[in-house]
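Report on one structure; see the data block that follows.
Below, chains carry the letters A, B, ... as their sequence lines are ordered, and counting in each starts from 1.
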Protein chains: 2
Amino acid sequence: MDARAMGGNKIRNMEEFAALSGISRPTVSKYFNDPGSVRASTRARIEAALEEHDYRPNIYAVNQNRRLTKNIGIVVPYLADPFFAEIARKIELRCIEAGLSPILFSAHGEKDLEVDILDSLRSMKPAGVLLAPLGRISDRGVIEKFCRDVPTILFDSNLDGIGEAFVGSDNFSFVSQSVEYLTRTGNPPILFEMVRPANPNANKRRKAYVSMMERLGFDPQIFQAEGDGWGFEEIGYKEGLRFLDQKPGRTDTVLCSNDRLAIGFLSACFERGIPVGRGETCTLRVAAHDDHPFSRFTCPSLTTVAHDYDQVSNKVIEMLFQLIESGGHFENRSEHLYPAKLVLRSSA
Amino acid sequence: MDARAMGGNKIRNMEEFAALSGISRPTVSKYFNDPGSVRASTRARIEAALEEHDYRPNIYAVNQNRRLTKNIGIVVPYLADPFFAEIARKIELRCIEAGLSPILFSAHGEKDLEVDILDSLRSMKPAGVLLAPLGRISDRGVIEKFCRDVPTILFDSNLDGIGEAFVGSDNFSFVSQSVEYLTRTGNPPILFEMVRPANPNANKRRKAYVSMMERLGFDPQIFQAEGDGWGFEEIGYKEGLRFLDQKPGRTDTVLCSNDRLAIGFLSACFERGIPVGRGETCTLRVAAHDDHPFSRFTCPSLTTVAHDYDQVSNKVIEMLFQLIESGGHFENRSEHLYPAKLVLRSSA
DNA sequence: GATAAAAGTTTACGCGCGTAAAGTTTTTGT
DNA sequence: ACAAAAACTTTACGCGCGTAAACTTTTATC
């Protein structure tokens, strides 16, 4: 009696559990695959037994016999970037709600690791993969091949024609709003960006900047920060110092390509004693894009343009479910871009 | 010929691959479990075949038949905190080097999720688990039971007597250095911390603060910030404003319990126009602990005490390997604390 | 209460691989 | 060159579960 109530007697397999619950193994198996597929009364009996004996099907045996598992691969380029950590968190929680098993991977900024991840993901027979690729340094061929074998939805940064769909933010929306705002309330900005952006979004933002400036009748000016890798703050800081010391082109309004660069840039401004903000006493305005989780704690707090995190992660999940229901393939590859929202803070 | 060179003909199982390589299946199986366990000549033949046919053993079938897998569970309380992202990154890479398969989980600050993670981890038959528990809100009973079933090493925050070992930083080392430094170069600090710290390290830091202050002959003063959850920057900011407006106790030297609080606190200082730093013109010095990845970009840059990330992650890995070799259990539970390093920047 | 439909039971096979046992071949040491 | 050791082959079983087929019981319908 006690031993049963304590769940002390370990159950070896579904056979044993089925015997204890008084239901046949095939029916128990059916229950675990979809609790709604069995009669309410049998379901109750199984669940009663489940409470006493805490048994769980062996996931390896289960997955071996399914063509596809309930695993969802989530791959981000760099998890130490809170932006990705945050969006991964939202997606992960949504998957769990839906009864799927999210498995999180970070390429840690390394091409080879991204390849390795896709390799092991392939042998995991996932029901779907949500992939935010490294971007420029990604091995395009490998990703393309992967996407042919495994149902994959790209997010955050797009690779043309690869994957069953793409969900992300509209870079033009970011830049048009920031440029419009800065121009309307002061002077047109110079764009502060990296020479060799890791992420394709950066290139789209540059194009958007140029086209917006021309549309507004201003001369586009770009400062290109040297540096590689994913230490954006460091690059923003070092090259920010160089920018401030050189003073190339416009120097009263700076638009950073992303918030992490701006965090470093603002740090450089502080060090040089340059008052940043939109007040009378300020000589420099700084804005950026992404609404990084830390942007509201910079000094001054950063005026930026925010991703619609919720919309994007909701759509990613929605597309994932559609993809699973469609058997892993869409007739037409679709791209879903969401507009961004201007967030006014103190820096511009 | 071409089809073979292209690896186009999909190999279904090890049987087929063994036939293609000209080696018997049991020997091929042996190879995959330990390439060094077969003769060099057979190994060469297998690897030659492997290059042409890109076959990988079915992980589910493999893991079903092993008592333990090569999976390593890594569990952190909150992955959106770059501190954990960073240490997880280091550990993950070390596992991969060693031929293990790290699987990363974040409890996202939620007790229930931590329980769920341990639950699914249990059925994954991992060779070992590296667990940084949520701390105060963890379900101690569940973790204790988990650790009895699965070989687990705790890191970052300790739960007395639970797990096969603990590896972390020495909180007394943090606080003694910061208090000593601040006192020597100016006035003794007031401690700025949360009322109900999520993490047990915070409690140890408070005790260390009190004991250090008493040892130095000063009166310990503590400001307790209200607020719950993992949004430390927000709490540091809001309660920082309250602190600055109320001016309770010492107001020229503040020691934040951790960097994330300090990031918010510095933001509050900036907003109130309070010059922070050790210069003549400054009226407030601020220091903290952890050396958060963003601490060097605060304004002013944050004087802090750094974890020895490398030592800790190396030791975690070392203990993990020992644990695996010992068959999942140590005779005696050991605790390994590493001293911290003072990092002088501009804020104090 | 008769009858069809739905759900459950029994039986059986297969998934891909680990691994043991017994026999055969190759390597090693002298 | 020869015996012993090491490595390999062949054969066979089991892991825990998905699932199909044939049959039996329960539920829904009028």
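Rounded to whole angstrom, the span from the CZ atom of B:R43 across to the C1' atom of C:dT26 amounts to 19 Å. Here the C1' atom of nucleotide D:dC17 and the CD atom of A:E16 are 14 Å apart, to the nearest Å. In this structure, B:Y31 places its OH atom 17 Å from P of C:dT19, rounding to the nearest Å. The nearest whole Å value for the distance from the NZ atom in A:K70 to the P atom in D:dG18 is 10 Å. What separates OH of B:Y60 from C1' of D:dG18 is a distance of 15 Å, to the nearest Å. Straight-line distance from the CG atom of B:D34 to the C1' atom of D:dA7: 14 Å, rounded to whole Å. In this entry the distance linking CD1 of B:I11 with P of C:dG16 reads 13 Å, nearest Å. Between B:R66 atom CZ and C:dA20 atom C1' the separation is 16 Å, expressed in whole Å.
Donor-acceptor pairing under 3.5 Å, judged by distance alone, is absent between the side chain of B:R25 and the base of D:dT11.
In this structure, B:T42 reaches the D:dC8 phosphate: one of its side-chain N or O atoms is under 4.0 Å from OP1 or OP2. Taking only side-chain nitrogens and oxygens, B:Y55 comes nearer than 4.0 Å to OP1 or OP2 of C:dC17. For A:N65 and D:dG16, the shortest distance from a side-chain N or O to OP1 or OP2 is not below 4.0 Å. Here A:T27 reaches the OP1 or OP2 of C:dT9: one of its side-chain N or O atoms lies under 4.0 Å away.
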> Would A:E114 and A:S138 satisfy side chain to side chain donor-acceptor pair (under 3.5 Å), going step by step from the backbone distance to the final call?
Replying inline: CA-CA 8 Å; A:E114 189 173 62; A:S138 283; 2.7 Å; yes
>> If you apply the rule side chain to side chain donor-acceptor pair (under 3.5 Å), what do you find for B:N158 with B:E335, and how did you get there?
In response: CA-CA 9 Å; B:N158 198 2; B:E335 301 191 353; 3.0 Å; yes
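Residues B:P26 and A:M14 both approach DNA chain D. Their nearest nucleotides, taken by heavy-atom distance, put B:P26 toward the 5′ side. Comparing B:S41 and B:R67 by the nucleotide of DNA chain C whose heavy atom lies nearest to each, the residue mapping closer to the 5' end is B:R67.
Checking side-chain atoms of B:E164 against main-chain N and O of B:F330 turns up a donor-acceptor pair under 3.5 Å.
Between C:dG18, C:dG8, D:dC17, one nucleotide has an atom nearer to the side chain of A:K30 than all others, and that is C:dG8. Checking D:dT27, D:dG18, D:dC8 against every side-chain atom of A:V62, the shortest atom distance belongs to D:dG18. Proximity note for A:R39 (side chain, C-beta onward) versus C:dG16, D:dC8, D:dT27: the nearest is D:dT27. Minimum atom distance to the side chain of A:N58 is reached by D:dC17, of the listed D:dC17, C:dC17, C:dA20. Closest to the side chain of B:Q64, out of D:dC17, D:dT10, D:dC15, is D:dC15. Each of C:dT19, D:dG16, C:dG8 was ranked by its minimum atom distance to the side chain of B:S29; first place goes to C:dT19. The side chain of A:A61 approaches D:dG16 more closely than any other nucleotide in the set D:dG18, D:dG16, D:dC8.
Note on ring orientation: taking the six-membered ring where Trp is involved, the planes of B:Y55 and B:F32 are perpendicular (angle over 60°, cut-offs 30° and 60°).
Of the residues A:K315, A:R94, A:K90, the one that meets the salt bridge (Lys or Arg N to Asp or Glu O under 4.0 Å) test with A:D310 is A:K90.
By the 6.0 Å contact criterion, CZ on A:R12 is open, its count of non-hydrogen atoms from other residues, nucleotides or ligands being 12 or less.
Looking at heavy-atom distances under 4.0 Å, B:N63 makes no contact with the nucleic acid at all.
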